Colleague: 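Mind looking over this structure? Questions follow.
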Amino acid sequence: MSSEAIRPRGRPAHTPGTTVLGYTPDGRRVITGGSNSAIRIYTVGQDGEPTTVDEGVDGNLGIGATNNSFIMGAEDGTVWQYEINSGRMEKLLVRCALPVRDIGISKDGEWVAVASDELTVKIVNIEDMTKVKYLREQGKGVKHVTFDPSGRYIAVSCTDGILYIYSTASEEPELLRKLDGVIRRLEPEDEATSRAVWHPDGTAFASAEATRDIAIYSTAEWKKEKVFSGGHNGDVTAISWSPNGALLATAGADGQILLWETKSQKILERYDFPNVINLAWHPTRNSLSFTTSDGELFIYDDFVSREHQPLLQKPLQAAPIFPGPLTEISDNVRRPLASRPKGSIERRRGGTPDSLDDILGGSDAGMEDFVDDDDGAGYAEGMNPFGKRTNEHLDDPDGHADKRLLTSFSKPRIHPPLQPGSTPWRGSRRYLSLNLTGAVWTVDQETHNTVTVEFYDRELHRDFHFTDPYLYDKACLNEHGTLFSNSPRDSSLATIFYRPHETWTTRADWRTQLPAGEGIRALALSDSYIVAVTTKDYVRVYTLFGTPYKVYRQKSPAVTCAAWRDYIMTIGNGPLSSDGRTAVLSYTVENVKRDEVCQNEDVVALPEGAELRSVFFSDSGDPCIYDSEGILLILQHWRTQGQARWVPLLDTKQLERLAGGRKEETYWPVAVAQGKFHCIILKGGDRYPYFPRPLLSEFDFRVPISDTPNKELEDDEDGSAAVHNEGAKFEEAFVRGNILLSLFQDLLSSTNATPTQRAELARKELELDKILLQMLAVECREGEDRGMKALELVRMMRDRNGKMVEAALKVAERYGRGVLEDKIRDLAEKRFMGMADDDDELA
């Protein structure tokens, strides 16, 4: 029993029976429902009487809330939405044939998942209830349903003791895992819980076991990682993480609420409260609310004692699924550490450790079976005496350049090295490469790493993993092979290692070392060559079989590189501005095979204050960059010296899904392929993808020509608003089509075009003419005074066979534009007679 200063009093809220509660996300209100029809709305911080809603239905068993409304699921199968301030019943969202058991609302507040005694879980759009998704794999009724904080998964707890994990990344939810033995088999009316309760960082969930322990399962491998044991002597009835994930509260049928420290899985406090069946932490305060089967609500302010309050005041903590201590979820924030004995993790990480509360030894539980050389390629070689990893992908090898002094002057602040497709360490894991082929990721095992290579197309390639004593910190992956490199440590040398996926010899992988004192800043792999830019600003080019092919020094300090077939692109820091910062980045594009420089030390088009996030070649071989402003650019006319320019293909901040501030998300670039931008959607404040491997999303190109068309824009009397929106859409399509056409023309001019490619060129030109024809129709609808622009559009048509001009005549005739019709007819005759040229008058 803890020494509570003030024990809260129970507030009679409902008749005895199931009593549910939920906070609004802003923490201003607590809403409760129960076995009677009344709904109570309590204002946090006030002891007055709650607002009572009497028009509800009997038996509210599920609850969810946003800042503006709350949703109740009832025993009669109905799910109603209520207005938060007045408590007014707004609308019926969905009706089930059997009792509703639980409600889950997505973090963005757009979807509500409804669990009932039916076999199917319904996911309903709150704004448009006609939009419904279904989870159909369950074999029994559902007791609980929960969204994970990132919005990627839904956990469905079935009454038959099976937990179903669905992915929500695609339009239709997809079953990812069917986990047996994770939760108990329970009846819908049982007070014990089988809910999967997600950790706030979204990488793990907690669930109650039949042994009355609390198990933690990671989303990386969907396996048990930790156990909170020795707590309750009765069935666990409720589980709730603190908002920062540092504490866990559980309630049991033994009449106790337990407060756990998640890092050590130790009990900090015990509180005697009988019949507790639901728990909820306040989103920001030191307060826990809970309801009982007696129909009472308790609001326990100052729930965490002063002794343990520092745990609650920490930033978001990582889930307890990693070996040793928890890490703070603030990517690579560094805090001063206590002195360590020689050989500690701090020394192994090159003196720049990740932000850790404490550092202990240990290795991943259950990884012994994982760490093996399963393809017999000989990776598990003798352990080296070297240290551990660094964050060199983020910082200069000597640390932050802008935090040290050289005599009395600050060193110049330059763009840090960038390895495309790589992420920082988060806990003990990180991605070394992530692209359309698959992913390469590594796990810190203290004395060594373990590396996993996974493919999207597992019919073409087999996944593999191996023990990594060399501590590889960079990797590239394509359809032909996997490339690795590490950084020099102590007396060791930087190493490049390449493993082809297929070979007709016994063994074709190879390893080479760089000269002493030289590290690798970035790697690139193409179908023909391997490229490394180094800390001595060398560009080193190898063949795929390890033959050194070329080495030269860049004119500017190296930042990153990319490769495609015979082409390589290197990027370096340009000249410094007056404040000591890099003014620009410069790039060079070279054809290695022909020893031909296409663009030499040209400028990378980044706006002031922006940073380079990634660089890669598209699937058709055009260089692309993605910057911190969320803009994707492609290099046009790069095969001709002095003609290259960076052209925007997409401004992700103008995506319609972000209109009106409905979503808070950013995009992590992966590739440009099949005429689309492939990326990973990052929710909230995330900057990098994490485990499990996220699903890829794709967006069509849209050149930023004007503001996002507003679908809700009301027309005026003559419908001009709709016409304007339509015209803006065609204008963007025309500019985009011109860009893609020019890229395709440049490709054909540099290769021996095939008949198929020539036919594709003609098709692209025809598509552009069709867009011009649609723009002509818009101009004709605008009125006779737009005739000059309308004729200009006709003149812009390539129209190889005259059919498009004929179509233009019909458009002008349809809208009764006689003068324009005559002008188009004159233009057609001049073209037919070979008289039209660029100097013809428009009028």
Side-chain angles (χ1 to χ4, degrees), residues 436 478-480 524-529 531 562-570 587-600 602 605 615-625 632-650 671-678 698 700-703 730-773 793 795-805 831 834 836-838:
L436 291 184
N478 65 15
E479 294 181 354
H480 301 285
L525 173 65
S526 76
D527 297 347
S528 308
Y529 296 100
V531 184
W564 181 78
R565 294 187 182 174
D566 297 333
Y567 292 93
I568 65 172
M569 180 179 183
T570 57
Y587 71 92
T588 297
V589 181
E590 175 188 1
N591 186 305
V592 176
K593 190 174 184 179
R594 294 203 299 260
D595 196 22
E596 174 182 293
V597 176
C598 303
Q599 304 296 325
N600 189 18
D602 197 4
V615 56
F616 45 84
F617 282 84
S618 69
D619 60 343
S620 56
D622 295 304
C624 301
I625 61 172
L632 172 70
L633 299 104
I634 196 165
L635 192 59
Q636 188 182 29
H637 304 316
W638 57 272
R639 293 177 178 86
T640 305
Q641 289 191 15
Q643 297 299 308
R645 60 190 175 199
W646 292 100
V647 179
L649 284 181
L650 177 66
V672 167
Q674 293 89 44
K676 296 180 183 293
F677 174 52
H678 298 261
E698 58 184 40
D700 293 327
F701 301 144
R702 195 171 82 194
V703 180
F730 291 140
E731 287 171 354
E732 186 279 329
F734 176 68
V735 174
R736 171 166 38 90
N738 259 326
I739 295 170
L740 299 179
L741 176 62
S742 72
L743 294 172
F744 193 66
Q745 288 173 329
D746 289 349
L747 174 64
L748 297 194
S749 65
S750 64
T751 59
N752 295 321
T754 65
T756 302
Q757 288 176 322
R758 287 192 290 270
E760 177 68 11
L761 178 63
R763 187 191 66 79
K764 289 180 179 292
E765 291 178 345
L766 179 61
E767 290 298 321
L768 267 183
D769 283 352
K770 288 181 179 179
I771 294 173
L772 288 170
L773 192 65
L793 295 174
R795 290 171 56 83
M796 293 167 66
M797 293 178 177
R798 288 168 172 80
D799 194 24
R800 293 187 174 186
N801 52 22
K803 291 184 178 180
M804 296 307 296
V805 173
R831 284 192 175 183
D837 57 43
D838 291 340

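The shown structure was predicted, so the numbers you read here are calculated from the model rather than taken from an experiment. Residue numbers start at 1 and run along the sequence shown.
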Colleague: Using atom types as modelled and distance alone, determine if a side-chain donor or acceptor of Glu765 lies under 3.5 Å from a backbone N or O of Leu741.
Modeller: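 No, because the side chain of Glu765 does not come within donor-acceptor range (under 3.5 Å) of the backbone of Leu741.
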
Colleague: For Asp566, what residues pass the side chain to side chain contact (heavy atoms under 4.5 Å, CB included) criterion, not counting sequence neighbours?
Modeller: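 Asp566 satisfies side chain to side chain contact (heavy atoms under 4.5 Å, CB included) with Ser528, Tyr529, Asn591, Lys593 only.
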
Colleague: Tell me every residue that passes side-chain hydrogen bond (donor to acceptor under 3.5 Å, both in side chains) with Asp595, counting only those two or more places apart in sequence or in another chain.
Modeller: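 Asp595 satisfies side-chain hydrogen bond (donor to acceptor under 3.5 Å, both in side chains) with Lys550 only.
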
Colleague: Between Val531 and Ala563, what is the shortest heavy-atom contact and its length?
Modeller: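 That closest heavy-atom pairing would be CG2-CB, 4.4 Å.
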
Colleague: Calculate, to the nearest 0.5 Å, the distance between atoms CD1 and CZ belonging to Ile634 and Phe677 respectively.
Modeller: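 Rounded to the nearest 0.5 Å, the CD1-CZ separation comes to 12.0 Å.
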
Colleague: Going by the rule side chain to side chain contact (heavy atoms under 4.5 Å, CB included), which residues pair with Thr756 if we only count those two or more places apart in sequence or in a different chain?
Modeller: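 Testing Thr756 for side chain to side chain contact (heavy atoms under 4.5 Å, CB included), a comparison that skips the adjacent residues, returns Thr754.
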
Colleague: If I take atom CG from residue Leu793 and atom CZ from residue Phe734, how far apart are they, to the nearest 0.5 angstrom?
Modeller: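 Atom-to-atom, Leu793:CG and Phe734:CZ are 8.0 Å apart.
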
Colleague: Take a 6.0 Å sphere around CD of Glu479 and say whether it holds more than 12 heavy atoms from other residues, nucleotides or ligands.
Modeller: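 Open.
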
Colleague: For Ser620, check side chain to side chain contact (heavy atoms under 4.5 Å, CB included) against everything at least two apart and list the hits.
Modeller: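 In terms of side chain to side chain contact (heavy atoms under 4.5 Å, CB included), with neighbours along the sequence ignored, Ser620 is linked to Ser618, Asp622.
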
Colleague: Go through it in stages, so that I can follow the logic: the residues are Ile625 and Tyr587, the test is side-chain contact (heavy atoms from CB on, under 4.5 Å), and I'd like the CA-CA distance, side-chain angles, deciding distance and then a yes or no.
Modeller: CA-CA 11 Å; Ile625 61 172; Tyr587 71 92; over 6 Å; no

Colleague: To the nearest 0.5 Å, what is the distance between CG on Leu748 and CG on Leu761?
Modeller: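 Those atoms lie 5.5 Å apart.
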
Colleague: Looking only at atom types and distance, does a side-chain atom of Glu732 sit under 3.5 Å from a main-chain N or O of Val703, one as donor and one as acceptor?
Modeller: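 Yes, Glu732 side chain to Val703 backbone: donor-acceptor pair under 3.5 Å.
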
Colleague: Who pairs with Glu767 by salt bridge (charged side-chain N to carboxylate O under 4.0 Å, His left out), at least two apart in sequence or on another chain?
Modeller: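 For Glu767 the salt bridge (charged side-chain N to carboxylate O under 4.0 Å, His left out) partners, ignoring immediate neighbours, are Lys770.
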
Colleague: Listed by chain and number, what are the ring-ring contact (aromatic ring centres under 6.0 Å, His included) partners of Phe616, not counting sequence neighbours?
Modeller: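 Not a single residue meets the ring-ring contact (aromatic ring centres under 6.0 Å, His included) criterion with Phe616.
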
Colleague: Determine whether Tyr567 and Arg594 make a side-chain contact, defined as any pair of heavy atoms from C-beta on separated by less than 4.5 Å.
Modeller: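 Answer yes - side chains close enough.
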
Colleague: I'd like to know whether Thr570 forms a side-chain contact (heavy atoms from CB on, under 4.5 Å) with Glu590, so could you lay out the CA-CA distance, the side-chain angles of the two residues, the decisive distance to 0.1 Å, and finally the verdict.
Modeller: CA-CA 9 Å; Thr570 57; Glu590 175 188 1; over 6 Å; no

Colleague: Give the minimum heavy-atom separation between Gly642 and Gln599, together with the two atoms involved.
Modeller: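 Answer, listing the atom of Gly642 first, then Gln599: N-OE1, 3.5 Å.
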
Colleague: For the CG atom of Asp619 and the CH2 atom of Trp564, what is their distance to the nearest 0.5 Å?
Modeller: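 Between atom CG of Asp619 and atom CH2 of Trp564 there are 9.0 Å.
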
Colleague: When you look at Met569 and Trp638, which way does the side-chain contact (heavy atoms from CB on, under 4.5 Å) test go after all the steps?
Modeller: CA-CA 11 Å; Met569 180 179 183; Trp638 57 272; over 6 Å; no

Colleague: So which heavy atom on Ile568 is nearest to which on Phe617, and how close?
Modeller: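 For Ile568 and Phe617, the tightest heavy-atom pair comes out as C-CZ, 4.5 Å.
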
Colleague: Listed by chain and number, what are the side chain to side chain contact (heavy atoms under 4.5 Å, CB included) partners of Ala733, not counting sequence neighbours?
Modeller: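 With neighbours one apart ignored, the set is Arg736, Ile771.
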
Colleague: So which atom in Leu633 and which in Ala605 form the shortest heavy-atom distance, rounded to 0.1 Å?
Modeller: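 Answer, listing the atom of Leu633 first, then Ala605: CD1-O, 4.4 Å.
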
Colleague: Can you list the residues that meet the side-chain hydrogen bond (donor to acceptor under 3.5 Å, both in side chains) rule with Glu760, with sequence neighbours excluded?
Modeller: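 Glu760: side-chain hydrogen bond (donor to acceptor under 3.5 Å, both in side chains) contacts with Arg763.
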
Colleague: Got a sec, which pairs hit salt bridge (charged side-chain N to carboxylate O under 4.0 Å, His left out) with one end in residues 740-757, sequence neighbours left out?
Modeller: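 Output for this query is empty, none listed.
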
Colleague: Quick one: closest heavy-atom pair of Asp769 and Arg798, and the distance?
Modeller: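 The pair with the smallest heavy-atom distance is OD1-N, 3.0 Å.
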
Colleague: Kindly write out the residues that satisfy side-chain hydrogen bond (donor to acceptor under 3.5 Å, both in side chains) with Ser750, not counting sequence neighbours, or none if the list is empty.
Modeller: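 Ser750 satisfies side-chain hydrogen bond (donor to acceptor under 3.5 Å, both in side chains) with Arg639 only.
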
Colleague: On a heavy-atom basis, which atom in Leu632 and which in Cys624 lie closest, and how many Å separate them?
Modeller: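 Result for this residue pair: CD1-CB, 4.4 Å.
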
Colleague: Quick one: side-chain hydrogen bond (donor to acceptor under 3.5 Å, both in side chains) partners of Asn478, sequence neighbours excluded?
Modeller: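 side-chain hydrogen bond (donor to acceptor under 3.5 Å, both in side chains) list for Asn478, sorted by chain: empty.
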
Colleague: Just jot down the salt bridge (charged side-chain N to carboxylate O under 4.0 Å, His left out) partners of Asp700, sequence neighbours excluded, or say none.
Modeller: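 Per chain and number, Asp700 pairs via salt bridge (charged side-chain N to carboxylate O under 4.0 Å, His left out) with Lys676.
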
Colleague: Roughly how far, to the nearest 0.5 Å, is CG of Leu766 from CG of Leu773?
Modeller: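 If we round to the nearest 0.5 Å, Leu773:CG and Leu766:CG are 10.0 Å apart.
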
